[in-house]
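All figures in this text were calculated on a predicted structure; none of them were measured in a lab. Below, all heavy atoms of this structure are taken into account, side chains as well, without hydrogens, waters or symmetry copies.
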Amino acid sequence: MLPRRFPQMDANPRNGGERDNASRGIVHDLLPLNEIDPSTQKFPCCLVWTPLPVVSWLAPFVGHVGICREDGTIVDFSGDNMIHVGQLFYGTVAKYYQVDRQQCCFARNFGGHTCRQGYVHAVFGTAISWDDAVQLSRRTFEYRNFSVFSCNGHSFAANCLNRLSFRGSMRWNMINVGALIMFRGKWVNRWSILRSFLPFIGMLCFGYLMIGWMFPIGLLSFVLATFGWYVMICYCCKIEDDD
């Protein structure tokens, strides 16, 4: 489900040396990051996730996503024309995934692309640093309306990753950003696991005791319908790819 990482290619072999030099220069400019510190909610260059009230109780894979600057400060798209800075708007971080900046394309000019998506990447809007990508996406989403089911924190994070051409891909969306965090991310602690899944399990048990098997079946139908909606939005409408 995650986008494939394309091999680095150059249509003109004569430019290989120049691009190698540009790539080495970009890697050299990557300053060391501070340690991840959940106690202060600092997650340098990370995607961060937290469960949503009520919605995550019914569909635990649904949550709210933010992206962090190089200093660890969380930035998230949390409401209509609203960017929240400092912590996730809907709660403390439960899970995080630290992005490897060396798998990103920081293109200072068209000839400096290290990804296969050179032209498309340039048209979409490249970033010369991690924080630059976050800032460019922030400016874009300050003029968008928030929707849990179509334009949300996942969309904001995907927009940033597309600007960085992370793993050589510009097809990041709500589905594969969520999958990246769910399957590759790390839990902050055991309590984070409990608060993410305990409400869903409790509601499932309560519904079964009160109604019977009809409740789990109905809940499963809701989960599948929700997932199907996200798939349709991401791969049919692709609204979050519009810049």
Side-chain angles (χ1 to χ4, degrees), residues 1-9 26 43-50 61-70 74-78 83 88 93 95-107 113-144 146-186 226-243:
M1 186 177 292
L2 300 180
R4 294 181 302 171
R5 183 184 178 187
F6 292 101
Q8 297 181 4
M9 298 178 65
I26 292 169
F43 299 85
C45 293
C46 288
L47 302 177
V48 290
W49 179 91
T50 191
F61 64 87
V62 178
H64 182 62
V65 170
I67 192 166
C68 303
R69 298 194 301 231
E70 290 183 327
I74 298 171
V75 181
D76 69 327
F77 175 55
S78 51
I83 301 294
L88 286 175
V93 175
K95 203 168 190 181
Y96 65 90
Y97 173 82
Q98 189 166 44
V99 176
D100 183 359
R101 291 175 297 168
Q102 295 191 22
Q103 296 186 44
C104 300
C105 177
F106 301 109
H113 283 271
T114 57
C115 66
R116 187 182 179 184
Q117 312 297 317
Y119 178 75
V120 177
H121 192 193
V123 172
F124 182 83
T126 58
I128 61 174
S129 69
W130 176 273
D131 285 351
D132 184 45
V134 175
Q135 182 64 18
L136 289 171
S137 294
R138 174 178 177 174
R139 291 175 182 173
T140 299
F141 278 76
E142 283 176 343
Y143 300 97
R144 291 192 180 181
F146 182 90
S147 171
V148 172
F149 295 106
S150 60
C151 185
N152 49 43
H154 288 68
S155 308
F156 177 64
N159 189 274
C160 290
L161 295 182
N162 285 331
R163 291 186 188 279
L164 296 165
S165 191
F166 176 54
R167 291 185 174 179
S169 173
M170 291 197 60
R171 295 186 177 182
W172 293 98
N173 54 44
M174 291 186 290
I175 293 291
N176 48 40
V177 165
L180 182 65
I181 298 175
M182 287 296 103
F183 297 113
R184 302 286 180 84
K186 297 180 180 180
T226 301
F227 181 74
W229 171 265
Y230 282 124
V231 170
M232 182 186 70
I233 289 294
C234 291
Y235 296 104
C236 297
C237 300
K238 299 184 180 180
I239 60 174
E240 74 269 27
D241 291 336
D242 298 333
D243 201 358

- line: Contacts of Tyr97 meeting side chain to side chain donor-acceptor pair (under 3.5 Å) (sequence neighbours excluded), chain-then-number -> Arg167
- prompt: Got a donor-acceptor contact below 3.5 angstrom from the Asn162 side chain to the Asn159 backbone?
  reply: no
field: Non-hydrogen atoms of Met182 and Lys95 that approach each other most closely
entry: O-NZ, 2.6 Å
query: Just how far is it from atom SG of Cys105 to atom CZ of Arg116, taken to the nearest 0.5 Å?
result: 14.0 Å
statement: dist Ser165:OG -> Phe106:CZ (nearest 0.5 Å) comes out at 10.5 Å
task: Evaluate the side-chain contact (heavy atoms from CB on, under 4.5 Å) criterion for residues Ile67 and Trp130: first the C-alpha distance (whole Å), next the side-chain angles of each, then the deciding distance (0.1 Å), finally the verdict.
output: CA-CA 10 Å; Ile67 192 166; Trp130 176 273; 3.8 Å; yes
task: List for me each residue that meets side chain to side chain contact (heavy atoms under 4.5 Å, CB included) alongside Thr226, sequence neighbours excluded, and say none if there are none.
output: Phe61, Val62, Phe149, Phe222, Tyr230
message: Can you give me the closest heavy-atom contact between Phe146 and Gly153, atom names plus distance?
response: CE1-N, 4.0 Å
- prompt: Who passes side chain to side chain contact (heavy atoms under 4.5 Å, CB included) against Ala133, sequence neighbours left out?
  reply: Ala127, Arg163, Leu164
message: I need the minimum non-hydrogen distance between Val177 and Leu161, along with the two atoms involved.
response: CG2-CD1, 4.2 Å
task: Apply side chain to side chain contact (heavy atoms under 4.5 Å, CB included) to Tyr119 and list each qualifying residue two or more places apart in sequence or on a separate chain.
output: Phe110, Val123
- prompt: Counting N and O atoms only, with roles assigned by atom type, does the side chain of Asn152 sit under 3.5 Å from a partner on the main chain of Ser155, one being a donor and the other an acceptor?
  reply: yes
message: Check the orientation of Phe141 and Phe156. Use parallel for under 30°, tilted for 30 to 60°, and perpendicular for over 60°.
response: perpendicular
message: Could you measure the distance from the CZ atom of Phe124 to the CG atom of Leu136? Nearest 0.5 Å is fine.
response: 10.0 Å
message: Can a donor-acceptor pair be found, under 3.5 Å and without considering hydrogens, that links the side chain of Trp172 to the backbone of Phe166?
response: yes
task: Considering non-hydrogen atoms only, spot the tightest contact between Cys104 and Thr114 and give its length.
output: O-OG1, 4.2 Å
- request: Search all heavy atoms of Leu47 against all heavy atoms of Ala157 and return the closest pair with its distance.
  value: CD2-CB, 4.0 Å
- request: May I have all residue pairs that pass salt bridge (Lys or Arg N to Asp or Glu O under 4.0 Å) and include part of residues 129-139, sequence neighbours excluded?
  value: Arg138-Glu142
- line: Sorted by chain and number, sequence neighbours left out, side chain to side chain contact (heavy atoms under 4.5 Å, CB included) with Val231 holds for Ile175, Phe227, Tyr235
message: Rounded to the nearest 0.5 Å, what separates atom NE2 in His121 from atom SG in Cys115?
response: 5.5 Å
message: Restricting to side chain to side chain donor-acceptor pair (under 3.5 Å), what partner residues turn up for Gln98, sequence neighbours left out?
response: none
message: Checking His64 now: which residues fulfil side chain to side chain donor-acceptor pair (under 3.5 Å) with it, not counting sequence neighbours?
response: Asp76
field: Gap separating the CD1 atom of Ile83 from the OG atom of Ser78, nearest 0.5 angstrom
entry: 7.0 Å
